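Worksheet: the structure to be examined is printed underneath.
Note that the structure is a prediction, hence the values are computed from the model and not measured. In this chain, numbering begins with 1 at the start of the sequence shown.
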Amino acid sequence: MLKMSVMDERIAGAPGWKRLSPAWLFFSLANLVKEWLIPIILFVINNSDGWWIKAIKILCVPFFFIQLIGIFLQWKNYKYRVTEKEIRIIKGSFVKEEKIIPVKRIQSVEKETSFIHRWFSLTSLKIHLATGEEEVFSLEAIKEKEADEILNRIRGAGKGTADPAAEAGGKGMQGVPGAKTIFAMAPKDIFIASFTSFSFLAFGPFLVSLYLNIDEYFHLSDLLGDLPVRVWESLARSVPLLLLGGAALIVVSLLFGIIVTFLRYGNYRVESDGKRIVIKKGLFNVSELAVPVEKIRAIKWKKYFLRSFLGITEVKLVAMAGNGEDSETKSAVLFPFLQENRAKELVREMFGIRLSEPMEKLPARALAVKLLRPNYLWIIAAVVNFYQWPEYWYASVILLVYILVHRILSFFRCRYRLEENHIQQQGGVWTAELIYLPEHHMDEMVLKTSWLQRRFGLATVEIHIRANPSETLLIEDLPWEKGAEIFRWFMEKRKRPAA
C-alpha cells in the first residue's frame, strides 16, 4: 500500500480510470442504516434522564455524520484501472492509498451478483491473490459489461503464465483444451442433496424464529390467545388427525429442505477452457468463481457419513496459498455432491488424472500403536472427574471408549499409495477424505518417528502444501521402510533439473 502522491492524483484523472457506480452509495447507506437501526431504537425507547445517556446521544450524532461523509468520500475517491499486467486501485475516505495487483499473482476471481445488484445491472468482483499481506480485493457495484471486460482481460493475460513447479516436469493437473460445460446440476442431484444434507431439519428452528420475530412486533401471543393450545388438544384427542398433522409437517419440512438446497445450488455449472475452471451457481444471488488450472495444488474427495452409504462424494480444489483471513473453503468446492464414479470420471476429463487402486493399508502393528498412544486430554479429564465429580466416574469411561473407537476407525480408514508422479492418501473417521497430490506441488516433507513408533518399526510422513487454506498431508504409523521410500522419492524429485 502506498500513500497517494501528486503524480498519482494526475494519473487518477487520466483516461482508463473508472469509478464505481453511484448505486454503491445506495448499498453503503443501506448498510449504515442497518448498523444504526438497533442503537436508534434503543435510544428512542430509553427515556432515562441519566447524564451518560444524554452524552451518548449527543456523541452519536456527529459520529453518524462522520460515517456518512466518509461513505461519500470513499465513493468519490475510489478509482480503478485494469491493464494486461496489473490492476491499480486508488481508494480511501480521508486518507487515500493506492494498491497495485500484478495479474500473475491473481489466484482466482469470483463474480457475485446479488438480487439487488440485478435491479441496477451491476455485479461485484472478488480478486483472490496467491500471496501478499491481503488476500482479497473487491470491486463492488460495477457494471456487468465492465466486469466481463475485466475477467476477459485477466484471463487473457493469464494465458501466457505457467506454474514454475509444473515446468519442472510434473504431470499433474494440466487441463484439457477447448471451452465447454463439464457439469450442470440436475434436479435429481438437488433432490438427493436436500435429504442427505438434513437441510429439512432447519424448518423447525426457522418456524420458531419466524414466530418469535413476528410476535415481537405484532404480539401474536395476545392475538391468538389459547388457540395453539386448543388446536394441540384437538389433535392429541384424535390419532388420525395427529398422524395427518405429523405427516403434513414432515412433507412441509422436506419441501423446505428442497427449496433451500435449490436456492443455494440452482443453476450450478462447472465450465473449463483448459486454462481455467469456472464455477457458477445461484438463482437470486448469482456467483461465478474462476480458478486457473495452474494454481490448483491438489484435489480432495470427501464423503460424509450418510452420503457415503449412497456413494455420494464432494470434490474440492486445493488452490495456491494466500495469507488473508477472508479465504473460504467453500469457494474451492468443485462438485458439492455427486456420485463417486461420476465425480472421478469428470476429474479425469478435466485434469487428465486417474486415481490409482488399490491403495495400501497400514500394518496390524499400527493399530497397537494407535491404541497405546497416550491421550493427555483424557488423562487430565479423568483426574478432574475423579477429584471433582467422582459420582460421575462413568463419564471418563465413556470418553475413553469414544477415543478408542475413534482410533480404531481411523486405522481402518487410512490408505496410501505412492506413484511415479503423485501420492494418494485417504483418512478420516466419520467422514472419509481422499487427497490426490502431484509431486511438483509438494513444498516440504518431514519424516519423523516417536519413541513408541520406533519400538514397532513405524514412522509418520508429513507433507506441507502451499495452499489456501494451508494444507498438510499426514500419513501416520506407516512402516518405516515405506516412509523412507516416500522420503527418498521426494528428495529425488527435488533434485530433478528444470525442463
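Contact annotation: the side chain of V318 never approaches that of I296 to less than 4.5 Å [non-hydrogen atoms, C-beta and beyond]. Residues N267 and K280 fail the side-chain proximity criterion, which asks for heavy atoms closer than 4.5 Å. Side-chain contact between L404 and W378 is absent, with no heavy-atom pair separated by less than 4.5 Å. Within the 4.5 Å cutoff, side-chain heavy atoms of M442 are placed close to those of I423. Side-chain atoms of L434 and M359, non-hydrogen and from C-beta on, do get closer than 4.5 Å to each other. A heavy-atom distance below 4.5 Å is not found between the side chains of K303 and T431. Taking the side chain as every heavy atom from C-beta outward, W75 and S28 never approach each other to under 4.5 Å. At least one side-chain heavy atom of I465 sits less than 4.5 Å from a side-chain heavy atom of I435.
Within a 6.0 Å radius of CZ in R19, more than 12 heavy atoms belonging to other residues, nucleotides or ligands are found.
Taking CD from E271 and CE from M350, the interatomic distance works out to 10.5 Å, rounded to the nearest 0.5 Å. Between the CD1 atom in I475 and the CZ atom in R415 there is a gap of 13.0 Å [rounded to 0.5 Å]. Put simply, CG on L139 and OH on Y78 are 4.5 Å apart, with the number rounded to the nearest 0.5 Å. In this structure, the separation between NE2 on H406 and CH2 on W430 is 7.0 Å, given to the nearest 0.5 Å. Taken to the nearest 0.5 Å, the CG atom of L122 stands 11.5 Å off from the CD atom of E140. Between the CD1 atom in I403 and the CG atom in N375 there is a gap of 4.0 Å [rounded to 0.5 Å].
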inquiry  = If you apply the rule side chain to side chain contact (heavy atoms under 4.5 Å, CB included), what do you find for I299 with L334, and how did you get there?
reply    = CA-CA 9 Å; I299 298 179; L334 183 64; 5.9 Å; no
Side chain to side chain contact (heavy atoms under 4.5 Å, CB included) between L478 and E360, worked out = CA-CA 10 Å; L478 78 166; E360 296 187 50; over 6 Å; no
Y436 and V347: CA distance, side-chain angles, deciding distance, side chain to side chain contact (heavy atoms under 4.5 Å, CB included) verdict = CA-CA 11 Å; Y436 176 99; V347 169; over 6 Å; no
inquiry  = Test side chain to side chain contact (heavy atoms under 4.5 Å, CB included) on K281 and M185; report intermediate values, then the result.
reply    = CA-CA 9 Å; K281 66 177 180 178; M185 189 77 71; over 6 Å; no
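Residues A432 and R413 share a closest heavy-atom pair of CB-NH1, 3.0 Å. Heavy atoms only, all atoms of each residue included: G70 and S93 are closest at O-CB, 3.6 Å. Closest of all the heavy-atom pairs between S396 and A382 is OG-CA, 3.5 Å. When every heavy atom of L338 is checked against every heavy atom of F183, the shortest pair comes out as CD1-CE1, 3.4 Å. Closest approach of A141 and S124 over heavy atoms only: N-OG, 3.4 Å. Contact detail for Q424 and S356: the closest heavy-atom pair is OE1-N, 2.5 Å.
Put simply, the side chain of R407 gets close to the backbone of K370: a donor and an acceptor are under 3.5 Å apart. Q425 places a side-chain N or O within 3.5 Å of a backbone atom of L474 that can act as its donor or acceptor partner. In this structure a side-chain-to-backbone donor-acceptor pair under 3.5 Å is present from R417 to P358. Counting only distance, with no hydrogens or angles, the side chain of R88 and the backbone of R81 share no donor-acceptor pair below 3.5 Å.
With salt bridges taken as basic N to acidic carboxylate O contacts below 4.0 Å, one links E345 and R342.
Take F72 and apply the ring-ring contact (aromatic ring centres under 6.0 Å, His included) test, not counting sequence neighbours, and it matches no residue.
Side chains of E146 and Y80: a donor on one and an acceptor on the other come within 3.5 Å.
The one candidate from T313, I312, V315 that meets the side-chain contact (heavy atoms from CB on, under 4.5 Å) condition with F337 is I312.
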